[in-house]
Amino acid sequence: MTVTEPVLSLQSVNLELKTPDGYVRILRDVTFDVAPGEIVGVVGESGSGKSMTALTVMRLLPPKARVQAARIGFDGDDLATTSPRALRRVRGKRIGMVFQDPMTSLDPVIQVGRQIDEAYRIHHPGVGRAEARAQTVRMLELVGVPDAANRARQYPHQWSGGMRQRAVIAMALVNDPKLILADEPTTALDATIQAQVLDALARARDELGVAVVLITHDLGVIAQFASRVIVMYAGGVVEVATTRELFEDSRHPYSAALIQSRPGAHRRGEPLVAIPGRPPLMTDLPEGCPFAPRCASPYKSAVCVTDRPELERSVDGRLSACHFRDHHQEVVA
Ligand SMILES: Nc1ncnc2c1ncn2[C@@H]1O[C@H](COP(=O)(O)OP(=O)(O)OP(=O)(O)O)[C@@H](O)[C@H]1O
Ligand code: SF4
Ligand SMILES: [Mg+2]
């Protein structure tokens, strides 16, 4: 059996942010891998640390943030120990980024194509305008922008929201990255346009072999586009599973509650229906399992309140952060 090296490998990533009341632990031992060319979904309620995980990889953090990690392996490097200067060469070149609002990435007063040309030329000194533009047009065509050569000369306000997000994806792809970090890339778009934009991203993956970390609230998006899923709760990973395993046989009571609270099978564009109760405040995490106050598992017991469960494998090889990971069937039934 050949073992493929992951393109991204987070090992025990911890993050603390400075607040007026002192440092707050935002991420706790976040651990997961992404294989080359794979689309991995990251799901979890608001505040669970999805965006902070992506921003920690890129070290695009608020001032005075403290990162402690065993390793943030990326394509042969350890980003946890890479210099800020070297990181600048990773961002936008070897890792592309797509955020929820395309206007955070686009300058309203510069032609769309010119912005993508510049993203290419920054990392390819010596490349002429014509060559950069040819690459821009290739990328715009790949993500499904019609009449790309002409539209490249238009300004962002002349593009629809969905087309702007395609432009941002083209910009993220223009330097042939190994990985795209996409944080709620289609949440601001209506459902039909969402699907088209995600199809474009999936096509880019097929054609270029780029891996994608797809952060989303939307389990329908996960079901359709991700091959594996990272479930986050209160700054930690509570389950890692293939998409099929998650939907058919989730192991962590939080994942099970997410799946069960879905309004309809594989329906897109629906927000997650609230699970009773609220996630804990990061400033006031319970000592034991952070999900304990909301957990409906019949196995929940004293140990849940006293000991925090780690992300570990069950006897049949599934990863979850629950003391009762080997008693899941009864929980889900
Ligand atoms: N600048 C900051 N200073 C202190 N805490 C912050 C800061 N930014 C975010 N946080 C906290 O970090 C935690 C994780 O936030 P994050 O943005 O990663 O959540 P998320 O899972 O992306 O949520 P959403 O689904 O709403 O985007 C939250 O508790 C949030 O309040
Ligand atoms: S460790 Fe206990 S409280 Fe936490 S998810 Fe498992 S059963 Fe529920
Ligand atoms: Mg977020």
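Ligands are counted one by one from 1 in listed order, and the atoms in each one are counted from 1 as well. Excluded from the calculations below are hydrogen atoms, water molecules and symmetry mates; all remaining heavy atoms, backbone and side chain alike, are included.
- Between D249 and R251 there is a salt bridge, with a side-chain nitrogen of the basic residue lying less than 4.0 Å from a carboxylate oxygen of the acidic one.
- Remark: atom 28 (C) of ligand 1 lies closer than 4.0 Å to at least one protein heavy atom.
- Residue Y120 is tested with Q135, M171, M139 for a side-chain contact (heavy atoms from CB on, under 4.5 Å); the sole match is Q135.
- Atom numbering of ligand 1 starts at 1 in the shown order; those under 4.0 Å from a heavy atom of S51 are 17 (O), 18 (O), 20 (P), 22 (O), 27 (O).
- Checked by atom type, the side-chain pair S255/E239 shows a donor-acceptor distance below 3.5 Å.
- With a 4.5 Å cut-off on side-chain heavy atoms, M97 and M58 count as touching.
- Of all protein heavy atoms, the one closest to atom 11 (C) of ligand 1 is I26 CD1, 3.8 Å.
- Protein heavy atom in closest approach to atom 18 (O) of ligand 1: M52 N, 2.9 Å.
- Residue contacts with ligand 1: M282 is placed with no nitrogen or oxygen under 3.5 Å of a nitrogen or oxygen of the ligand (distance criterion only).
- By the 3.5 Å distance cut-off applied to N or O atoms, S46 is counted among the residues near ligand 1.
- Using a distance-only test at 3.5 Å, with no hydrogens or angles considered, no donor-acceptor pair links the side chain of S9 to the main chain of G73.
- Taking a distance limit of 4.0 Å, we find that atom 31 (O) of ligand 1 is approached by no protein heavy atom.
- Among the backbone and side-chain atoms of Q100, none of the N, O or S atoms lies under 2.8 Å from the Mg ion (ligand 3).
- Within ligand 1, the atoms closer than 4.0 Å to a non-hydrogen atom of S48 are 19 (O), 21 (O), numbered from 1 in the order shown.
- Short contacts between ligand 2 and H252, defined as distances under 4.0 Å to a heavy atom of the residue, involve ligand atoms 5 (S).
- Nearest to atom 2 (Fe) of ligand 2 among the protein's heavy atoms is C304 SG, 2.3 Å.
- C289 lies apart from atom 2 (Fe) of ligand 2 in this respect, since none of its N, O or S atoms is found at a distance under 2.8 Å.
- The line from CZ of R129 to CZ of R114 is 5.0 Å long, rounded to the nearest 0.5 Å.
- Remark: ligand 1 and H217 share an N or O pair separated by less than 3.5 Å (distance only, no angle test).
- The protein non-hydrogen atom at the shortest distance from atom 1 (S) of ligand 2 is H323 N, 3.4 Å.
- Checked for salt-bridge contact, R308 and E287 miss the test: no charged N lies under 4.0 Å from a carboxylate O.
- The contact set between ligand 2 and P309, taken as ligand atoms under 4.0 Å from a residue heavy atom, comprises 1 (S).
- Under a 4.0 angstrom heavy-atom cut-off, Y299 registers as lying outside contact with ligand 2.
- Numbered from 1 in the order shown, with element, the atoms of ligand 1 that lie under 4.0 Å from a heavy atom of E45 read 21 (O).
- The cationic group of R94 does not satisfy the cation-pi geometry with F74, failing either the under 6.0 Å distance to the six-membered ring centre or the 45° limit from the ring axis.
- In this structure, the separation between NE2 on H217 and CG on L258 is 10.5 Å, given to the nearest 0.5 Å.
- Of the N or O atoms in G47, one or more lie within a sub-3.5 Å distance of an N or O in ligand 1.
- Short contacts between ligand 2 and F324, defined as distances under 4.0 Å to a heavy atom of the residue, involve ligand atoms 7 (S).
- The closest protein non-hydrogen atom to atom 10 (N) of ligand 1 is L17 CD1, 4.1 Å.
- Given atom 8 (Fe) of ligand 2, the protein heavy atom at minimum distance is C295 SG, 2.4 Å.
- In this structure, Y233 and Y254 have tilted ring planes: the angle between them lies in the 30° to 60° band.
- Nearest heavy-atom pair, G41 versus A226, reported as atom, atom and distance to 0.1 Å: N-CB, 3.5 Å.
- Regarding atom 25 (O) of ligand 1, its nearest protein heavy-atom neighbour is K50 NZ, 2.8 Å.
- Looking only at side-chain heavy atoms (C-beta outward), L219 and F247 come within less than 4.5 Å of each other.
- Protein heavy atom in closest approach to atom 6 (Fe) of ligand 2: C322 SG, 2.3 Å.
- Exactly one residue among V168, L214, T104 makes a side-chain contact (heavy atoms from CB on, under 4.5 Å) with V98. That residue is V168.
- Atom numbering of ligand 1 starts at 1 in the shown order; those under 4.0 Å from a heavy atom of P62 are 1 (N).
- Looking only at distances, a side-chain donor or acceptor of T216 sits under 3.5 Å from a matching main-chain atom of D218.
- The pair R294-E45 meets the salt-bridge criterion, with a side-chain N (NZ, NE, NH1 or NH2) lying under 4.0 Å from an Asp/Glu carboxylate O.
- Within ligand 2, counting atoms from 1 as listed, the ones closer than 4.0 Å to a heavy atom of P253 are 5 (S).
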